[in-house]
There are 2 protein chains.
Amino acid sequence: MSFKTDIEIAREAKKRPIQEIGAKLSIGSDDLLPYGHDKAKVSQEFINSVQGNENGKLILVTAINPTPAGEGKTTTTVGLGDGLNAIGKKAAVCIREASLGPCFGMKGGAAGGGYAQVVPMEEMNLHFTGDFHAITSAHNLLSAMIDNHIYWGNELEIDERRVVWRRVLDMNDRALRDVVTSLGGVSNGFPRQTGFDITVASEVMAILCLATDLEDLQERLGSIIVAYTRARKPIYARDIKADGAMTVLLKDAMQPNIVQTLENNPAFVHGGPFANIAHGCNSVIATTTALKVADYVVTEAGFGADLGAEKFMNIKCRKANLAPDCVVLVATVRAMKMNGGVAKGDLGDENVDAVNEGCANLGRHIGNLKSFGVPVVVAINHFVSDTDAEVQAVKDYVETQGSEAILCTHWANGSKGTIELATRVAEIADSGVSQFAPLYRDDLSLFEKIETVAKRIYRADDVLADKKIRDQLKAWEDAGYGNLPVCMAKTQYSFSTDPNLRGAPVGHSMPVREVRLSAGAGFVVVICGEIMTMPGLPRTPSAEAIMLNDMGNIEGLF
Amino acid sequence: MSFKTDIEIAREAKKRPIQEIGAKLSIGSDDLLPYGHDKAKVSQEFINSVQGNENGKLILVTAINPTPAGEGKTTTTVGLGDGLNAIGKKAAVCIREASLGPCFGMKGGAAGGGYAQVVPMEEMNLHFTGDFHAITSAHNLLSAMIDNHIYWGNELEIDERRVVWRRVLDMNDRALRDVVTSLGGVSNGFPRQTGFDITVASEVMAILCLATDLEDLQERLGSIIVAYTRARKPIYARDIKADGAMTVLLKDAMQPNIVQTLENNPAFVHGGPFANIAHGCNSVIATTTALKVADYVVTEAGFGADLGAEKFMNIKCRKANLAPDCVVLVATVRAMKMNGGVAKGDLGDENVDAVNEGCANLGRHIGNLKSFGVPVVVAINHFVSDTDAEVQAVKDYVETQGSEAILCTHWANGSKGTIELATRVAEIADSGVSQFAPLYRDDLSLFEKIETVAKRIYRADDVLADKKIRDQLKAWEDAGYGNLPVCMAKTQYSFSTDPNLRGAPVGHSMPVREVRLSAGAGFVVVICGEIMTMPGLPRTPSAEAIMLNDMGNIEGLF
């Protein structure tokens, strides 16, 4: 049995002109700013014009803790969107843009897979409509203006040792993690130690994805803390007078991108913040726009539900006043088996016991999601090696959790594989049973917010944080930042901070290593464990095999 | 008397859909890849399809040595293009793209001025179609892969002290000129001193602008020398296996961009290499494509004719097998006066003697250009303060040089101001009088090539180069690079290497400070004087005043 690769399937796609895709959502040609024939941005004017529309239903796709077996969260998001369209609903999907850098390392694309993909896949994995390049430019303009301010006399009295704003590149380049700049003498400034992060880790990315309009964008950019004085007074981007020019650089990037699924249904693809030090969801402006023009909007959150869905609910929904009408939790039989202790090499063998064992992970996510007041449907993303008994074991288990699991075959069959899921999700969303509320109130203390997530989502016994960290949180509260939500940065592979603790661990503590204030984005980052904000390339980077073939097609990018 | 600013005029432009502009050159909608409604790329398929067409006439616009008074080279290029269209000719202009970084420092845009502009001006000064971002990505991917190669065992035995490939950003950021990377311990690699240049200074930019197609592009990228071993063996980009992925990143950027003038005539805007360490012309592929679809193509070269036109002739025309049919040399009365010793503050006063004095600079450029076998017309770009007597003085002087000068008022009047110039240029181009040949043969030694340019263009008495430099040139000849042209990097403000020596200096020597091999671009860079490849921001960067106004328009970018 042989399968076509994702890129082969993507290349065979019968794409429709993007104007036809826009028309499905009543977006006229004049309101679509085309980028080639199959990508477009939706104009700000159009977005303004639909603000009076009723909102459609919002469906969040999230997943169990990721395993090397793969879950297919984006694939399911796309498959469900196509399924809803197939049963006659006006539906759109909202997903994140891919980061360029990791494509040259080893990561595949982020546009779904099999017959549930968004196209044009190659452009989406390369420059796409230039949004990330604009973010890189805006971020680095601020960096240059900070050093330039110091160079010309440092009127703001920035402590050079306390410049917290680094630089970014959309590239996996470990050599840039830790650098000394401004060497070479007087004309190059004052040497200091700093570094580069990958663009998706920029606070500018998080801001773009949370801003409701250009005015809000500029306000948030201006609120970025870039440095401190010796007296620890924060210096903001607006003190450096960079917020206006940064907004200008991001003007086009703020307009959501629209492309299409393999089945020619509309897909918004916009923004892509890190899911650890940021909130990991596509942009608010894409989601809110989609809700104004579609009856059903299917979106996703990064990593597993403990990180991604938690942030979607507690950060994105809180800030943007959104409320999911239904949550789809993606699981695979293979991932259940890995959570049940099976090694990757043995995943092909039927093992119902391991499935049952691994379902504890699934069960905890279901419970967590219900604690937000939202109805949950489990989507079992089918793999050819799954046996009927294994699938039934998952279904039976989910029923014991007061939920339901539906087998989906969108990877192989496109929308035909999600008819049952789409039908049920639409029913639930339409029923109005969702009673969404974020997990904690704004007026809880920052530490209490951390504890709430740690205990109610991660099921940790306690939070370990030394005095310095508690004092820092207190200081931010005194400075007026106490009302912000917390953005947890921990391993995606476990409920705990130990990536090897699969399943549903208990009895663990959650140590907080560091806290950071993202004053522009509007959250406090809580770092639990090592978080890498600039990846490196592997021994044999995929870039070595990426090239144009004789037909002019791109090879090696997948 | 009050004038509208360039940006006010640009905003009032009645732009036509880019498909209409393409249609003027018989480029169909399917062959235009739109970027919004007023910018497009011309597809590779279309370019391939017109290779059998006859070439149109090629007209180069160049200028005297720049002064702070301004000459208006791009403005004249655009005005002449519009003038040719106004007299019924099928004409297109070919100019360079603007660099993003300097727009936030103090430099204005690069899209012409007054009523001789290319639009959309703001997008052209910002991200445009993303070409420069693609170049930044391709350049830095190679950088990351070099350090990654060393990190994983350094199989190629790169001498870490002899990595010559730096990184780039399209940003004025002096702090990045000289940096130490890979600090922070084992997992970040081997610390070494390196730096960043601005993107337009990247050899990738020069390569993109000289490559004839994607195959040639990849070949040239592969030929970039990135480092040397301890035994001084060169390591190429293709040894690092980066050439394929770099080509993929540049695939879209290789397609020329088309926009329009204020008078809705087609303008190709593509590529923008530095005019000192590179050749300073728009891309070969834009020029050759324009020649296949227009009867007259007006293009420009960077800086004054001593640098820009010399490189256009000796590098671009040589490499791309082009031959200009007519050269337009732009001068202003004000610049003549400055060359004649008048200070900037006194330019408003009539001073025929100073004009006569300053004409020596103009005269030398005319002579130089004629030595390439091309006919020369002087365009006097009119300023309101010019008096009739001053203009007549320039005309009279030019006549003594066996050429002719024509007064142009395109800044104030658009094509109406260049009817006479356009008519005369078309006559000359059609007449076939041009007998173009580069100034030196491929088989001259590298040092003899340097001497030829220094003595015949700069009129230096001799070239000063120490043994180390002469030995280096000899070594490159032995390695097979002796057939390359030389790319001179010196001040643009004087024929000599002293920027204060205006007019037509004699008796000077030309010291060569350094030579560099751009093996991918295909030239040897000869550095005479300080050349800055990463600009800084001024005390009050223009970025501080760039912002969106209440109407959503961009303020402060001009």
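Numbered from 1 within each chain, the chains take letters A, B, ... in sequence-line order.
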Search all heavy atoms of [X] against all heavy atoms of [Y] and return the closest pair with its distance.
X	Y	result
Ala227(A)	Val164(A)	N-CG2, 3.9 Å
Ala138(B)	Val204(B)	CB-CG1, 4.4 Å
Gln19(B)	Pro34(B)	NE2-CB, 4.3 Å
Ala98(B)	Asn125(B)	CB-OD1, 3.5 Å
Val42(A)	Phe46(A)	CG1-CD2, 3.5 Å
Thr212(B)	Met254(B)	C-CE, 4.4 Å

Answer with side chain, backbone, both or neither: which region of [X] has an atom nearer than 4.5 Å to a non-hydrogen atom of chain A?
X	answer
Pro538(B)	backbone
Ile150(B)	neither
Thr540(B)	neither
Leu141(B)	both
Met534(B)	neither
Ala242(B)	neither
Leu169(B)	side chain
Phe190(B)	neither
Asn148(B)	both
Leu249(B)	both
Lys251(B)	side chain
Gln193(B)	side chain

### Task
Show your reasoning for whether side-chain contact (heavy atoms from CB on, under 4.5 Å) applies to Ile146(B) and Val163(B).
CA-CA 8 Å; Ile146(B) 295 165; Val163(B) 176; 4.1 Å; yes
In terms of heavy-atom proximity below 4.5 Å to chain B, should [X] be classed as side chain, backbone, both, or neither?
X	result
Met145(A)	both
Asp243(A)	neither
Ser29(A)	backbone

### Task
In sequence, state the C-alpha distance, the side-chain angles, and the governing distance for Val168(B) and Met205(B), and then conclude on side-chain contact (heavy atoms from CB on, under 4.5 Å).
CA-CA 11 Å; Val168(B) 296; Met205(B) 173 68 86; over 6 Å; no
### Over 12 foreign heavy atoms within 6.0 Å of CG, Asp550(A)
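Atom CG in Asp550(A) is not packed in, count stays at 12 or less.
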### Query
Around Glu20(B), counting heavy atoms of other residues, nucleotides and ligands shown, do more than 12 lie under 6.0 Å from its CD?
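More than 12 heavy atoms, drawn from other residues, nucleotides or ligands, come within 6.0 Å of this atom.
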Closest-packed option against chain B by number of heavy-atom pairs under 4.5 Å, given [options]:
options	result
Thr194(A), Asn172(A), Asp30(A), Thr136(A)	Asp30(A)
Ala175(A), Gly185(A), Ala144(A)	Ala175(A)
Val179(A), Thr181(A), Leu537(A)	Leu537(A)
Ser137(A), Ala253(A), Gly130(A)	Ser137(A)

### Arg166(A) to Phe196(A), cation-pi by 6.0 Å centre distance and 45° axis angle
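No; the conditions do not both hold, so Arg166(A) does not lie above the ring face of Phe196(A).
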Looking at [options], which makes the most heavy-atom pairs under 4.5 Å with chain A?
options	answer
Pro191(B), Ser187(B), Ala545(B)	Ser187(B)
Leu214(B), Ile554(B), Leu33(B), Ile546(B)	Ile546(B)
Met547(B), His133(B), Lys41(B)	His133(B)
Arg539(B), Lys241(B), Met171(B)	Arg539(B)
Leu176(B), Asp147(B), Leu126(B)	Leu176(B)
Gly189(B), Ala134(B), Pro541(B)	Ala134(B)

### Query
Any salt bridge between Arg167(A) and Asp173(B), counting N to O under 4.0 Å?
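Asp173(B) and Arg167(A): salt-bridged.
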### Query
What do the steps show when you test Asn188(A) against Ser182(A) for side chain to side chain donor-acceptor pair (under 3.5 Å), and what is the final call?
CA-CA 5 Å; Asn188(A) 294 352; Ser182(A) 298; over 6 Å; no
### Task
Quick one: do Asp197(B) and Ser202(B) satisfy side-chain contact (heavy atoms from CB on, under 4.5 Å)? Show the steps, please.
CA-CA 7 Å; Asp197(B) 298 318; Ser202(B) 168; over 6 Å; no
### Task
Answer yes if the side chains of Thr199(B) and Asp170(B) hold a donor-acceptor pair under 3.5 Å, and no otherwise.
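On atom types as modelled, these side chains do not qualify, holding no pair under 3.5 Å.
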